[in-house]
> 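First the structure, which I've put down as structure tokens, then a few questions once you've had a look.
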Amino acid sequence: MSRFQMMHTMIRVFDLEASIAFYTRLLGMQLLRREDFPEGRFTLAFVGYGAEDDNTVVELTHNWDQATPYEIGTGFGHLALGVRDIHGVCAALEQAGAKIPRKPGPMKHGTTHIAFIEDPDGYKVELIDLDTRG
């Protein structure tokens with residue numbers, strides 16, 4: 001058994017309310033906690049599919065004085081979520097306003113079907129079809 005546990009992935013977001021809405025309303029996560037740090041002029045919001053003690057979550061960091069949207073760094077890849085019926089999920093997300101730059105289909109050199117959507121800041125979220133995962 002490992003001495004380590006994956007806790008969260010942190011991303012900086014420009015519009016905290018839009019990001020919380022994306023992850024909760026469109027992706028079905030829960031807002032687990034939110035805390036303002038007035039002296040540091042930032043807010044942390046944690047979203048996920050279950051309690052932080054048992055699940056890896058996403059930490060949304062909003063710096064109050066950020067005047068322009070962040071640039072996506074070249075080192076960050078994406079978040080990944082497993083889904084069933086990837087075509088139906090993507091159709092519903094697109095109808096709800098999500099951007100889908102990579103439509104569902106087989107991954108290159110494989111049989112697993114994937115898609116990519118973007119959150120309000122342009123971060124990629126990969127959807128992996130659990131029924132085709134090889």
Side-chain angles (χ1 to χ4, degrees):
M1 181 180 198
S2 176
R3 297 182 300 159
F4 301 95
Q5 174 189 345
M6 181 70 142
M7 301 293 292
H8 64 259
T9 296
M10 184 276 269
I11 56 178
R12 291 177 182 87
V13 300
F14 183 64
D15 181 338
L16 183 60
E17 298 309 319
S19 293
I20 290 172
F22 174 84
Y23 287 99
T24 59
R25 189 173 56 83
L26 293 185
L27 298 184
M29 293 183 187
Q30 298 171 334
L31 176 60
L32 301 170
R33 62 186 171 102
R34 176 181 177 154
E35 187 172 357
D36 293 328
F37 295 85
E39 290 184 12
R41 302 197 48 75
F42 67 95
T43 300
L44 300 181
F46 291 81
V47 296
Y49 294 111
E52 292 175 73
D53 292 342
D54 303 317
N55 296 275
T56 303
V57 301
V58 179
E59 174 188 334
L60 305 173
T61 299
H62 173 66
N63 293 299
W64 301 354
D65 299 322
Q66 184 69 22
T68 59
Y70 290 96
E71 293 181 21
I72 305 298
T74 58
F76 179 81
H78 59 267
L79 306 175
L81 303 175
V83 300
R84 303 243 183 242
D85 182 20
I86 196 167
H87 293 277
V89 168
C90 285
L93 287 170
E94 192 167 41
Q95 187 168 11
K99 294 179 188 173
I100 306 179
R102 202 277 196 196
K103 303 289 184 191
M107 61 181 282
K108 200 174 202 176
H109 311 296
T111 58
T112 301
H113 287 212
I114 63 171
F116 281 92
I117 62 174
E118 289 183 357
D119 81 355
D121 289 279
Y123 290 106
K124 302 285 189 286
V125 178
E126 179 182 18
L127 302 179
I128 301 171
D129 189 325
L130 297 172
D131 295 322
T132 62
R133 183 173 55 175

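Because only heavy atoms are used, hydrogens play no part in the values below, and waters and symmetry mates are left out as well, while side chains stay in. Just so we're clear, the structure is a prediction, and the values are computed from it rather than from any experiment.
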> Provide the closest heavy-atom pair for Glu52 versus Leu32 in the form atom of the first, atom of the second, distance.
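Closest approach of Glu52 to Leu32: CG-CD1, 4.0 Å.
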> Please find the pair of heavy atoms, one from Ile86 and one from Pro104, that lie closest to each other, and give the distance.
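What the structure gives for the nearest pair is CG2-CB, 3.9 Å.
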> Any idea how Phe42 and Phe37 line up, ring-wise: parallel (<30°), tilted (30 to 60°), or perpendicular (>60°)?
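The rings of Phe42 and Phe37 lie parallel, inter-plane angle below 30°.
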> Between the side chains of Tyr70 and Asp121, does any donor sit under 3.5 Å from an acceptor?
no
> Would you say that more than 12 heavy atoms from the other residues, nucleotides or ligands in this model lie under 6.0 Å from the CD of Glu71, or not?
no
> Roughly how far, to the nearest 0.5 Å, is the CG atom of Leu60 from the CG atom of Asp15?
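One finds 11.0 Å between CG of Asp15 and CG of Leu60.
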> Would you say Leu79 ends up clustered with Ile72 if hydrophobic residues are merged whenever their side chains have heavy atoms under 4.5 Å apart, either directly or through other cluster members?
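Hydrophobic grouping puts Ile72 with Leu79.
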> Looking at side-chain heavy atoms only, is the closest gap between Glu59 and Met7 below 4.5 Å?
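Of all side-chain heavy-atom pairs linking Met7 with Glu59, none is under 4.5 Å.
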> If you compare all heavy atoms of Lys124 against all heavy atoms of Pro101, which two are closest, and at what distance to 0.1 Å?
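That would be CE-CG, 4.3 Å.
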> Are Tyr123 and Phe116 connected in a single hydrophobic cluster, I mean Ile/Leu/Val/Met/Phe/Trp/Tyr linked by side-chain heavy atoms less than 4.5 Å apart?
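Different clusters: Phe116 never reaches Tyr123 through Ile, Leu, Val, Met, Phe, Trp or Tyr contacts under 4.5 Å.
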> Does atom CZ of Arg12 have more than 12 heavy-atom neighbours from other groups under 6.0 Å away?
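Atom CZ in Arg12 is not packed in, count stays at 12 or less.
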> Can you see which heavy atom on Glu118 is nearest to which on Phe22, and at what distance?
O-CE1, 3.5 Å
> Would you find a donor on one side and an acceptor on the other, under 3.5 Å apart, between the side chain of Ser19 and the backbone of Val13?
no
> Just so I know, are the side chains of Val47 and Leu27 near enough to count as touching, which here means a heavy-atom distance under 4.5 Å?
no
> What is the distance from atom CG of Leu127 to atom NE2 of His78, rounded to the nearest 0.5 Å?
10.0 Å
> What I'd like to find out is whether the side chain of Lys103 reaches to under 4.5 Å of the side chain of Glu94, using heavy atoms alone.
yes
> Does any part of the side chain of Thr61, heavy atoms only, come nearer than 4.5 Å to the side chain of Ile11, both counted from C-beta?
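Sidechains of Thr61 and Ile11: no contact.
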> For residues Asn55 and Met29, determine if any side-chain heavy atom of one lies less than 4.5 Å from a side-chain heavy atom of the other.
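Contact flag for Asn55/Met29 side chains = no.
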> Do Phe46 and Tyr49 share a hydrophobic cluster, counting only Ile, Leu, Val, Met, Phe, Trp and Tyr and linking them when any side-chain heavy atoms are less than 4.5 Å apart?
no
> As a test of understanding, state which of Asp129, Asp131, Ile128 forms a side-chain contact (heavy atoms from CB on, under 4.5 Å) with Thr112.
Ile128
> Backbone N or O of Ile114 within a donor-acceptor pair of the Arg102 side chain at under 3.5 Å?
yes
> Do any N or O atoms from the side chain of His62 and from the backbone of Phe14 form a donor-acceptor pair under 3.5 angstrom?
yes
> Taking Val57 as the starting point, is it possible to reach Ile20 by hopping between hydrophobic residues whose side chains are less than 4.5 Å apart?
no
> Determine whether Leu81 and Tyr23 fall in the same hydrophobic cluster, where Ile, Leu, Val, Met, Phe, Trp and Tyr are linked whenever their side-chain heavy atoms lie under 4.5 Å apart.
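Yes: a chain of side-chain contacts under 4.5 Å links Leu81 to Tyr23.
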> Should the pair Arg25-Glu17 be classified as a salt bridge under the 4.0 Å nitrogen-to-oxygen rule?
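Glu17 and Arg25: not salt-bridged.
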> Considering non-hydrogen atoms only, spot the tightest contact between Leu26 and Ala98 and give its length.
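Of all heavy-atom pairs spanning Leu26 and Ala98, the closest is CD1-CB, 4.1 Å.
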